[in-house]
Amino acid sequence: ISSIFAILKHMFPKVPKIEDLILQVLENSPEDTKILIEKIRIVRPKTSKQAVYKALKKMRIDEVIVQTREQVALSDVWLKKLADFVERAQLNYRTTVHPGINFLNLKQGEKIAYTFKTFEAADIFWAHAFGVLSEVLPKTIPLFLYNPHEWFILVRPESEIFLFEGLKKAGKQLFVIVGNKDHLDIHAGKYFDGKSLHYFATDNHLFSKPNYYVNVFGDFLIEVWLDERTSVAIDAFYKNTKEFDGKAKLELLEIIARKGKNKLVINHNKRKADKIRNMFKKYF
């Protein structure tokens with residue numbers, strides 16, 4: 001289990017760790033070692049062959065991977081340990097009260113605020129809150145998301161697609177509005193099927209602050225104010241980027257890793273949730 005924690009604690013580095021990239025490449029199937037190195041170099045162009053082999057050796061010792069002369073694969077034993085860990089953690093979090101985290105107990109009109117020095121830290125908690133609230137939301141009630149830019153799908157496509165597929169399998173409807181219409185905003189629309197996953201990019205800003213994000217789950221809202229300087233940098237990136245390749249992805253990862261003031265508020269407020277839902281009627 002210690003090897004699992006050693007990898008998971010570095011999930012959001014400024015420059016992706018080689019070990020994390022190896023996990024991403026091997027997520028779907030085993031891979032030829034030479035091709036694995038080539039794929040890693042797309043994101044980390046200066047990564048040497050020796051550095052990849054060193055990372056593979058450590059992961060092999062930790063029993064995270066199995067390796068033959070030509071192929072690398074995730075260890076079935078490690079995957080089962082990871083699955084057991086996740087299952088136990090989910091059970092514990094559902095049955096134990098955690099002060100400051102058990103936001104489902106918020107009464108109507110109550111809210112709780114969190115601040116984070118980096119957006120990466122905020123995003124980790126955001127993902128946790130999103131998962132909890134979407135799980136308890138009845139499938140008859142759609143989810144509504146507003147983002148100035150849908151950059152999440154660009155930097156973490158695997159996790160975002162996993163989230164979307166989970167909503168589809170649960171029979172839930174997702175509506176996303178993006179408050180800009182740059183090239184990459186339009187590009188992100190390909191990940192939405194228009195049946196259960198709905199997406200609309202518009203130049204009409206629904207909210208005055210360009211660093212404001214909001215998710216609506218019934219009467220609950222997750223509101224996020226991204227650091228203003230980071231938000232400006234993301235917007236400039238979108239205005240100046242026409243092709244999202246490995247270099248562009250690394251640049252965007254570096255932007256969201258910057259330190260700053262990031263605020264997340266979980267709000268139990270039917271009136272505010274209804275108001276935001278009504279904004280979506282114009283677009284869907």
Side-chain angles (χ1 to χ4, degrees), residues 1-90 118-121 123-124 127 131 150-166 169 184 187-188 190-191 237 241-258:
I1 297 296
S2 60
S3 62
I4 297 173
F5 286 108
I7 293 173
L8 293 182
K9 73 178 182 179
H10 294 298
M11 284 297 286
F12 299 96
K14 184 174 182 179
V15 177
K17 290 177 67 65
I18 296 174
E19 290 89 343
D20 297 333
L21 294 176
I22 291 171
L23 289 176
Q24 290 181 29
V25 172
L26 299 180
E27 180 181 356
N28 296 318
S29 64
E31 188 59 273
D32 179 89
T33 306
K34 292 181 179 179
I35 296 176
L36 172 69
I37 294 171
E38 291 174 2
K39 289 183 176 180
I40 289 173
R41 282 175 172 168
I42 292 174
V43 181
R44 290 179 52 121
K46 297 181 180 180
T47 303
S48 67
K49 184 190 300 185
Q50 291 75 18
V52 177
Y53 281 124
K54 182 178 180 181
L56 288 171
K57 181 179 179 181
K58 183 179 186 303
M59 295 175 76
R60 190 171 64 250
I61 293 172
D62 289 339
E63 299 182 346
V64 176
I65 64 167
V66 291
Q67 186 177 15
T68 63
R69 181 174 296 180
E70 296 181 351
Q71 269 203 332
V72 186
L74 293 176
S75 164
D76 186 61
V77 173
W78 181 79
L79 287 173
K80 288 178 179 177
K81 286 181 179 179
L82 181 58
D84 290 343
F85 164 75
V86 172
E87 186 176 350
R88 289 196 305 272
Q90 287 179 333
T118 67
F119 187 70
E120 292 172 315
D123 194 31
I124 293 171
E150 176 50 60
W151 53 264
F152 307 92
I153 196 72
L154 299 183
V155 296
R156 287 188 292 279
E158 294 86 0
S159 59
E160 287 292 292
I161 291 172
F162 177 80
L163 172 66
F164 293 160
E165 289 301 315
K169 290 178 181 178
L184 294 183
H187 169 76
K190 71 176 185 178
Y191 295 99
F237 171 85
T241 306
K242 302 301 181 184
E243 182 180 356
F244 194 74
D245 53 14
K247 182 180 179 182
K249 182 175 182 178
L250 184 58
E251 181 182 349
L252 186 53
L253 283 168
E254 289 175 343
I255 290 172
I256 65 173
R258 296 175 185 176

To the nearest 0.5 Å, what is the distance between [atom1] ([X]) and [atom2] ([Y])?
X      : Y      : atom1 : atom2 : answer
Ile161 : Ile153 : CD1   : CD1   : 5.0 Å
Lys39  : Glu31  : NZ    : CD    : 4.0 Å
Glu150 : Leu184 : CD    : CG    : 11.5 Å
Leu36  : Tyr53  : CG    : OH    : 9.0 Å
Lys54  : Lys57  : NZ    : NZ    : 9.5 Å
Ile40  : Lys49  : CD1   : NZ    : 13.0 Å

Taking the side chain as everything from C-beta on, heavy atoms only, tell me whether Lys249 gets closer than 4.5 Å to Ile42.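 No, side chains not in contact.
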
Who are the side chain to side chain donor-acceptor pair (under 3.5 Å) partners of Gln24, not counting sequence neighbours?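 Scan of Gln24 (side chain to side chain donor-acceptor pair (under 3.5 Å), adjacent residues dropped) gives none.
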
What residues form a side chain to side chain donor-acceptor pair (under 3.5 Å) with Gln71, not counting sequence neighbours?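 Per chain and number, Gln71 pairs via side chain to side chain donor-acceptor pair (under 3.5 Å) with no residue.
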
Of all the heavy-atom pairs spanning [X] and [Y], show the shortest one and how long it is.
X      : Y      : value
Phe244 : Leu252 : CE1-CD2, 4.1 Å
Arg41  : Thr47  : NE-O, 3.0 Å
Ile65  : Leu56  : CD1-O, 3.4 Å
Arg44  : Pro16  : NH1-O, 2.7 Å

Answer yes or no: is there a donor N or O on one side and an acceptor on the other, between the side chain of Asp32 and the main chain of Lys34, under 3.5 Å?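 Checking the backbone N and O of Lys34 against the side chain of Asp32, a donor-acceptor pair under 3.5 Å is found.
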
Ignoring hydrogens and angles, tell me if any N or O in the side chain of Thr33 forms a donor-acceptor pair with the backbone of Glu70 under 3.5 Å.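 Yes, the answer is positive, given that a donor and an acceptor are paired below the 3.5 Å cut-off.
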
Could you point out which residue of Leu21, Val64, Leu74 forms a side chain to side chain contact (heavy atoms under 4.5 Å, CB included) with Leu26?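 That would be Leu74.
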
Determine, step by step, whether Ser75 and Val66 satisfy the side-chain contact (heavy atoms from CB on, under 4.5 Å) criterion, reporting the C-alpha distance in whole Å, the side-chain angles of both residues, the deciding distance to 0.1 Å, and the verdict. CA-CA 5 Å; Ser75 164; Val66 291; 4.3 Å; yes

Leu23 vs Met59, test: side-chain contact (heavy atoms from CB on, under 4.5 Å). Steps then yes/no. CA-CA 10 Å; Leu23 289 176; Met59 295 175 76; 3.9 Å; yes

For Phe237, which residues count as a ring pair (Phe, Tyr, Trp, His ring centres under 6.0 Å) partner, sequence neighbours excluded?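 Per chain and number, Phe237 pairs via ring pair (Phe, Tyr, Trp, His ring centres under 6.0 Å) with no residue.
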
